[in-house]
K.L.:
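Take a look at this one; I'll ask things after.
Chain identifiers are assigned alphabetically (A, B, ...) following the order of the sequence lines, protein sequences preceding nucleic acid strands; residue numbering begins at 1 within each chain. Keep in mind that this is a model prediction, so the values were computed, not measured.
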There are 2 protein chains.
Amino acid sequence: MASEITIKDVAKQANVSVATVSRVLNGLDRVSEKTRKKVQKVVKELNYVPNTMAVSMVTKQTQMLAVVVPVFENPFYTAVIKGTVDVASQEGYHTVVFSTNDNEKEEAAFFMSSLKRNVDGIVLIGAHNNPEFYQSINKPVILVDRYIEGSGLDGVVIDNFRGAYESTKYLIENGHRQIAIISGPQTFNDGIERYRGYQQALKDYEIDFIPEYSKQGDWFEDHGYQSMKELMNLSNPPTAVFAANNMICQGTIKAIRDLNLQIGSDVSLVGFDENTLADFVNPRVSVIKRPTYEMGIHAAEMLLQRLKQGEKKDLVPRKLTLGVELLKYGSVKNLGGEINA
Amino acid sequence: MASEITIKDVAKQANVSVATVSRVLNGLDRVSEKTRKKVQKVVKELNYVPNTMAVSMVTKQTQMLAVVVPVFENPFYTAVIKGTVDVASQEGYHTVVFSTNDNEKEEAAFFMSSLKRNVDGIVLIGAHNNPEFYQSINKPVILVDRYIEGSGLDGVVIDNFRGAYESTKYLIENGHRQIAIISGPQTFNDGIERYRGYQQALKDYEIDFIPEYSKQGDWFEDHGYQSMKELMNLSNPPTAVFAANNMICQGTIKAIRDLNLQIGSDVSLVGFDENTLADFVNPRVSVIKRPTYEMGIHAAEMLLQRLKQGEKKDLVPRKLTLGVELLKYGSVKNLGGEINA
DNA sequence: TTGAAAGCGGTACCAA
DNA sequence: TTGGTACCGCTTTCAA
């Protein structure tokens with residue numbers, strides 16, 4: 001509908017060549033103040049907007065970034081998106097968003113699609129965990145949250161190990177010795193590091209690891225719900241539980257309610273990541289807070305920086321690790337008892 | 001990085017002209033089976049992907065859709081996005097997402113940006129409420145949720161009036177006469193219709209409208225929280241409350257908890273839109289369920305249909321209204337009393 | 001059935 | 001300081 005106006009129209013109207021119009025548009029070359037004014041006036045009058053596709057064809061730059069996430073429904077991902085979009089738009093970049101459903105096939109589809117070609121760089125929460133896949137991407141990519149060692153890419157992650165370690169330590173310091181973990185798969189650094197943090201804390205405080213207290217599954221609410229029920233039905237149930245992500249934590253909270261138990265008195269709970277229910281229940285559930293929005297910010301900044309650097313390939317990958325914070329509320333009962341270490 | 005391979009490379013490798021390659025690529029023209037095979041083989045070997053920008057320049061089609069929403073953080077909007085993306089990708093369209101922060105300026109910025117030029121059509125949850133703004137958009141647009149009469153655009157909405165009416169009626173049928181509403185601004189059809197539905201139900205059952213029971217504000221949680229507190233502190237507090245959206249409903253639930261009241265027994269509650277807390281509390285809060293994902297689906301389908309129709313401008317705008325459903329749980333106390341009508 | 005070439009809307013080099 | 005023009009990668013007439 002309605003044919004768009006082009007640089008030629010501007011040139012004609014201003015009585016100059018298209019080259020001149022291009023010059024004032026990009027503010028590069030020396031153009032007489034008079035012509036500049038004249039052109040700018042016409043641009044305004046005609047409401048001229050350059051055709052970015054034509055520009056891209058010759059400049060090989062699209063001024064577009066992509067953010068690729070598993071799903072849009074998780075607040076963590078939307079926070080990352082928001083962080084990226086905010087930085088990008090400030091720097092004159094548009095952002096397109098793509099979701100992979102955390103599925104390797106769909107992610108691969110993105111990287112083979114034209115969409116990938118149409119962006120200058122990518123912020124990615126990846127579904128693959130083989131370095132080779134990432135190595136084959138010939139565009140700047142910043143990995144967020146999940147970092148793949150050997151991918152050769154930059155990344156922004158949080159200190160998963162420390163978060164899990166501190167959570168577990170906090171429980172131990174409150175006298176707990178029977179501490180369960182409900183976690184996701186050990187596929188990426190997030191699952192692996194959180195599990196490792198939990199284990200290390202037990203080890204450091206000389207607490208035996210009890211396999212029954214370790215519930216591995218997916219990262220979704222139902223896993224948290226079912227696991228919590230199973231744990232509490234054990235002949236010797238744990239006194240405390242570490243829920244390794246936001247969805248799992250919500251599941252555990254629902255299970256605790258359905259079991260007619262009281263958080264903090266009947267069973268202690270610490271979650272990884274803030275979530276609506278942890279915030280709502282009374283007492284509030286202690287959680288590891290991680291800088292989600294900031295992760296998006298940093299990822300975009302790293303990406304833009306890579307873009308500025310251009311072709312200089314002799315660059316080592318950078319991994320930025322952001323700290324986490326344990327928000328202590330009333331969900332952990334102090335069992336007394338001595339604390340070693 | 002790594003110069004992409006072009007149609008010329010394919011042509012050269014296959015010993016044919018670029019025109020021929022173009023033909024087999026688009027499967028349009030008559031090409032001999034032999035050449036077709038040959039070209040397809042080379043395309044595969046070289047892993048050739050056409051440069052969509054070059055294609056777009058000549059076809060004037062980008063195969064891209066935009067979804068413009070206020071924010072990504074609201075599950076309602078992400079559901080709409082998901083619906084649109086699903087349909088679009090099935091039809092070979094990519095989708096870019098843009099957020100306006102529900103701000104007229106930012107929305108206008110999108111429509112002046114190059115991004116708008118780069119998409120074939122737009123699914124929009126608009127921030128403007130003046131028809132003129134929408135009339136000036138020379139691209140197919142489908143309005144979702146908020147419909148602007150006189151915009152001349154297609155739209156997909158839900159039956160806000162009925163949802164509010166049924167909610168209020170449900171309360172009335174359970175013997176309530178002192179029914180409050182906590183609502184958002186009366187700027188768009190959503191706020192207006194829900195308020196109207198509430199009023200109409202009162203009127204139909206000959207219940208006096210009490211201004212004190214009507215709390216107008218924004219659509220956010222805090223408005224729900226504060227308003228609920230104010231309502232319950234009235235010398236003659238309402239026996240039931242209708243919370244006109246998901247965020248407001250969450251706020252009321254928190255307020256009820258902080259007031260140490262019991263949902264269903266101390267005060268009855270019906271919310272518009274499902275939400276995490278309504279689902280969590282005991283008893284669950286009755287809510288109006290609306291087909292969010294389906295709204296995205298329908299919007300995308302309408303848009304794609306418009307795209308197929310092309311330039312035929314002599315088309316009347318279509319507004320599709322989807323029904324809503326009242327999910328009844330235990331949050332409404334039966335006060336007995338007779339029901340007229 | 002196939003190829004040559006114009007043109008989409010810009011940029012940037014080379015001349016003037 | 002300005003203009004002419006080749007070119008970016010592709011589609012699409014027009015001829016062969």
K.L.:
At what distance, to the nearest 0.5 angstrom, does CD1 of B/Ile158 lie from CG of B/Asn189?
P.N.:
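CG of B/Asn189 is found 9.0 Å from CD1 of B/Ile158.
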K.L.:
Can you tell me if A/His94 and A/Gln63 form a side-chain donor-acceptor pair at under 3.5 Å?
P.N.:
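The criterion, which ignores hydrogens and geometry beyond distance, is not satisfied for A/Gln63 and A/His94.
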K.L.:
Choosing from C/dG3, D/dG3, D/dT11, which nucleotide comes nearest the side chain of A/Arg23?
P.N.:
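Among the listed nucleotides, the one closest to the side chain of A/Arg23 is D/dG3.
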K.L.:
Hey, is the side chain of B/Thr35 poking within less than 4.0 Å of OP1 or OP2 on C/dT1, counting only N and O atoms?
P.N.:
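Answer is no, no contact under 4.0 Å.
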K.L.:
Does either side chain, that of B/Tyr77 or that of B/Asp145, offer a donor lying less than 3.5 Å from an acceptor on the other one?
P.N.:
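Per modelled atom types, B/Tyr77 and B/Asp145 side chains form no pair under 3.5 Å.
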K.L.:
Think A/Ser22 has a side-chain N or O under 4.0 angstrom from the OP1 or OP2 of C/dG10?
P.N.:
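No, A/Ser22 has no side-chain N/O under 4.0 Å of OP1/OP2 on C/dG10.
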K.L.:
If you compare every side-chain N and O of B/Thr6 against the phosphate oxygens of D/dG9 (OP1, OP2), does one of them come in below 4.0 Å?
P.N.:
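For D/dG9, neither OP1 nor OP2 has a side-chain N or O of B/Thr6 closer than 4.0 Å.
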K.L.:
Would you confirm whether B/Ser56, through its side chain, and B/Thr52, through its main-chain N or O, come within 3.5 Å as a donor-acceptor pair?
P.N.:
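Here the side-chain-to-backbone pair exists.
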K.L.:
Starting from the first five and the last five pairs of the helix from C/dT1-D/dA16 to C/dA16-D/dT1, work out the angle between the resulting helix axes, to 10 degrees.
P.N.:
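Angle reported: 50°, given to the nearest ten degrees.
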K.L.:
Heavy atoms only: give me the nearest B/Met295-B/Phe76 pair and the separation to one decimal.
P.N.:
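Here B/Met295 and B/Phe76 meet closest at SD-CE1, 3.8 Å.
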K.L.:
Quick one: does B/Asn129's side chain have a donor or acceptor within less than 3.5 Å of a partner on B/Phe188's backbone?
P.N.:
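Absent.
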K.L.:
Among the candidates C/dT1, D/dT2, D/dT11, find the nucleotide nearest to the side-chain atoms of B/Ser32.
P.N.:
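Shortest atom-to-atom distance from the side chain points to C/dT1.
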K.L.:
Would you say B/Tyr147's side chain and B/Leu153's backbone share a donor-acceptor pair under 3.5 angstrom?
P.N.:
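Pair found, side chain donor or acceptor close to backbone of B/Leu153.
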K.L.:
Using the side-chain heavy atoms of A/Val18, tell me which of these nucleotides is nearest: D/dT5, C/dG10, D/dT1.
P.N.:
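The answer is D/dT5, which lies nearest to the side chain.
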K.L.:
Salt-bridged, B/Arg290 to B/Asp190, with N to O below 4.0 Å?
P.N.:
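So B/Arg290 does not pair with B/Asp190 through a salt bridge.
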K.L.:
Looking at A/Ser17, does any N or O in its side chain come under 4.0 Å of the phosphate oxygens OP1/OP2 on D/dG4?
P.N.:
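Negative; the distance criterion is not met.
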K.L.:
Can you tell me if CD on A/Glu132 sees more than 12 non-hydrogen neighbours from other groups inside 6.0 Å?
P.N.:
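More than 12 within 6.0 Å, yes.
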K.L.:
With respect to the phosphate group of D/dT1, does any side-chain polar atom (N or O) of A/Lys34 fall under 4.0 Å of OP1 or OP2?
P.N.:
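Answer no for this pair, as no side-chain N or O of A/Lys34 is under 4.0 Å from OP1 or OP2.
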K.L.:
So, is B/Thr20 near the phosphate of C/dG3, with a side-chain N or O under 4.0 Å from OP1 or OP2?
P.N.:
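Checking B/Thr20 against C/dG3: at least one side-chain N or O falls below 4.0 Å of OP1 or OP2.
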K.L.:
Looking at DNA chain C, which of residues 41-48 of chain A put a heavy atom within less than 4.0 Å of it?
P.N.:
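The answer is A/Tyr48.
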K.L.:
Which part of the nucleic acid does B/Val21 contact within heavy-atom distance under 4.0 Å: base, sugar-phosphate only, or nothing?
P.N.:
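If one applies the 4.0 Å heavy-atom cut-off, B/Val21 turns out to touch nothing in the nucleic acid.
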K.L.:
Could you list by number each residue of residues 50-63 of chain A showing a heavy-atom separation from DNA chain D of less than 4.0 Å, or answer none if no residue does?
P.N.:
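Those residues are A/Met57, A/Val58, A/Lys60.
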K.L.:
Measure from NZ on A/Lys37 to P on D/dT1 and round the result to the nearest Å.
P.N.:
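Answer to the nearest Å: 15 Å.
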K.L.:
Say whether, by atom type as modelled, one donor and one acceptor occur between the side chain of A/Thr62 and the main chain of A/Asn118 under 3.5 angstrom.
P.N.:
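Present.
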